[in-house]
Amino acid sequence: MTDFTPRSDFLSVLQERGFIHQCSDMAGLDALAVKGEAIGYIGFDCTAPSLHVGSLVQIMMLHWLQQTGNKAIALMGGGTTMVGDPSGRDETRRILTVEDIQSNKRGIFSVFSRFLNFGDGPRDAITIDNAEWLTTLNWIEMLRDVGRHFSVNRMLSMDSVRMRLERDQEMSFIEFNYMILQAYDFTVLARRLGCNLQMGGSDQWGNIVNGIDLGRRMGTHQLYAVTTPLITTASGAKMGKTAAGAIWLNADQMPPYGYWQFWRNTEDADVARFLKLFTTLPMGEIARLAALQGAEINAAKITLATEATALLHGREAAEAAAETARKTFEEGTLASDLPTIEVSGAEIAAGLGLLSAFVKAGIVPSTGEARRQIKSGGLRLNDAIVSDERAALVAGDFNADGIAKLSMGKKKHVLLKRV
RNA sequence: GGGGGAAUGUCCCGAGCGGCAAAGGGGGCGGACUGUAAAUCCGCUGGCUAAGCCUUCGCAGGUUCGAGUCCUGCUUCCCCCA
């Protein structure tokens, strides 16, 4: 961003932590935030049962908005999800059923309570679903009150539309309307709740500015926009897509240990940036951690992992994950809260093959894959490399507590528990 | 409505004279080197009761000893004309 020096805590924090990609009017917004009068919202799609790390920057922004004495609104896109945002997509989104959207909404909301304090007080965060007003809209009224303010010429020139047209890709009318609905949301929130700020990812800039524009034409108070940069890793990959798939925020889809590991494996070059964005550690502490060199930077990664996990899953779960990792990687001993799979004594007595055991543990998808991994020396039983693909588990492979450890590579470990 | 083109290994892109478990990438996984990092190098990347068997090239039939490849019909998508 520019050299503007904000006076408000809100914009100061966002600026020094690297949240700001674009802002419609820093000075104007700053003046509101100084008085604690910024009322900002971010819309969240309900296309999946859980948000993933990609939305975390946005959530952190709402968190800071509230922490710095302003009001935060989490808008659930129950209505807009029925339409589908074409931004950043080169294909039409799958149309979800209303039931799917409802259950997705519940899953997503469970995450917000970790980052925001909800309630009825003036500084409490609130959540609201745009289905509330979008589903009852009257087509003719909508055209007269809102549609007249939109220029199709300009809509056609928007990135999300233009790209589709240039590539000769289909864009349905329903998607074409998405930006109108999002702009309309902004004005509804402005009128109902006094909302004056919309935040979002950089891909939302066009949609947000449309909302500001519509607000002006429809006579709301002045509205503002802030967008975050697209967060990629230093090697250019999008955040949150890894080997195993997306990094979900809901614990049932990504347990705290896995979440901790995700942050622990951050690239060197990303550590400082991520500490600023995804933890609430003071800037001084972050500067100290960022100065670490070479192998010492691992200490910073551990802090990053624990702090980020604590924000989402609580301090206790984060410490437990850190301890599990310490035992597993530094001591090479058994940590009891690694993922555990139970097997019956009878099954073992019958001669459970190692190949099947690895499949059962969910480490490999098929025995074929297990065989391949054995050939390249990737599988281990109790830390000993498995070389015989015909081997079977025997009683001696289990320790006194009836536990055997199966591993693939350095990072994947699963315990087998005999019951 | 008329004419033309496309669909391939269930991650993606993409070659494929009738003998094909099917070239090559990307991505991913494992190994070496390291620091649970990056970069680099090597290997692997349909399933199984595994020297064998089974299932894959949009769907359904057909020709053939043998079909991803040829023929017929269908579905979906794209382009041009109206």
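In what follows, every chain begins at residue 1, and chains take the letters A, B, ... in the order their sequences are listed. When reading the values below, keep in mind they use all heavy atoms of this one structure, side chains included, and skip hydrogens, waters and symmetry mates. All figures in this text were calculated on a predicted structure; none of them were measured in a lab.
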I would like to know whether A/Lys105 and A/Asp45 meet salt bridge (Lys or Arg N to Asp or Glu O under 4.0 Å); could you show each step before the answer?
CA-CA 9 Å; A/Lys105 205 175 96 178; A/Asp45 244 3; over 6 Å; no
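For an aromatic pair to be called close, the ring centres must be under 6.0 Å apart, and A/Tyr259 with A/Trp248 fails this. Ring pair A/Phe262/A/Tyr257: centre-to-centre distance not below 6.0 Å.
Between A/Ala325 and A/Leu379, the residue whose closest nucleotide on RNA chain B is further toward the 5' end is A/Leu379. Checking A/Phe329 against A/Gly378, the closest nucleotide of RNA chain B that is more toward the 5' end is the one next to A/Gly378.
Between A/Ser366 and the phosphate of B/G47, there is a side-chain N or O to OP1/OP2 separation shorter than 4.0 Å. Considering only side-chain N and O atoms, A/Arg372 lies nowhere under 4.0 angstrom from the phosphate OP1 or OP2 of B/G46. Listed pair A/Lys411 / B/A37 meets the phosphate criterion, a side-chain N or O lying under 4.0 Å from OP1 or OP2. Look at A/Thr266 and you won't find any side-chain N or O under 4.0 angstrom from OP1 or OP2 of B/A37.
For residues 6-15 of chain A, no pair satisfies salt bridge (charged side-chain N to carboxylate O under 4.0 Å, His left out), with sequence neighbours left out.
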When the side chains of residues 387-396 of chain A are checked against the rest of the protein, which donor-acceptor pairs come out under 3.5 Å, sequence neighbours left out?
unit_1	atom_1	unit_2	atom_2	d
A/Asp388	OD1	A/Arg390	N	2.9
A/Glu389	OE2	A/Arg371	NH1	2.8

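Distance CG (A/Asp268) to C1' (B/A37): 4 Å, rounded to an integer number of Å. Atom CZ in A/Phe358 sits about 17 Å away from atom P in B/C29, given to the nearest Å. Rounded to whole Å, the distance from CD on A/Glu267 to P on B/U36 is 16 Å. One atom, CD of A/Gln261, and another, C1' of B/G35, lie 14 Å apart when rounded to the nearest Å. Computed from coordinates, the A/Ile247 CD1 to B/G28 C1' distance equals 14 Å when rounded to whole Å. In this structure, A/Arg390 atom CZ and B/A51 atom C1' are separated by 10 Å, rounded to whole Å. B/U36 atom P lies 11 Å from atom NE2 of A/His413, rounded to whole Å. Between the P atom of B/G30 and the CD1 atom of A/Ile385 lies a distance of 14 Å, rounded to the nearest Å.
Pair assignment for B/C20: none, as no Watson-Crick or G-U wobble contacts are both less than 3.5 Å. Using N1 to N3 plus N6-O4 or O6-N4 for Watson-Crick, or N1-O2 and O6-N3 for G-U wobble, each under 3.5 Å, B/U64 pairs with nothing. Both distances falling under 3.5 Å, in either a Watson-Crick or a G-U wobble arrangement, place B/G1 opposite B/C81. Base pairing analysis places B/C44 opposite B/G28; the two distances defining the Watson-Crick or G-U wobble pair are each below 3.5 Å. Of all nucleotides present, only B/A7 satisfies the Watson-Crick or G-U wobble test against B/U75, with each distance under 3.5 Å.
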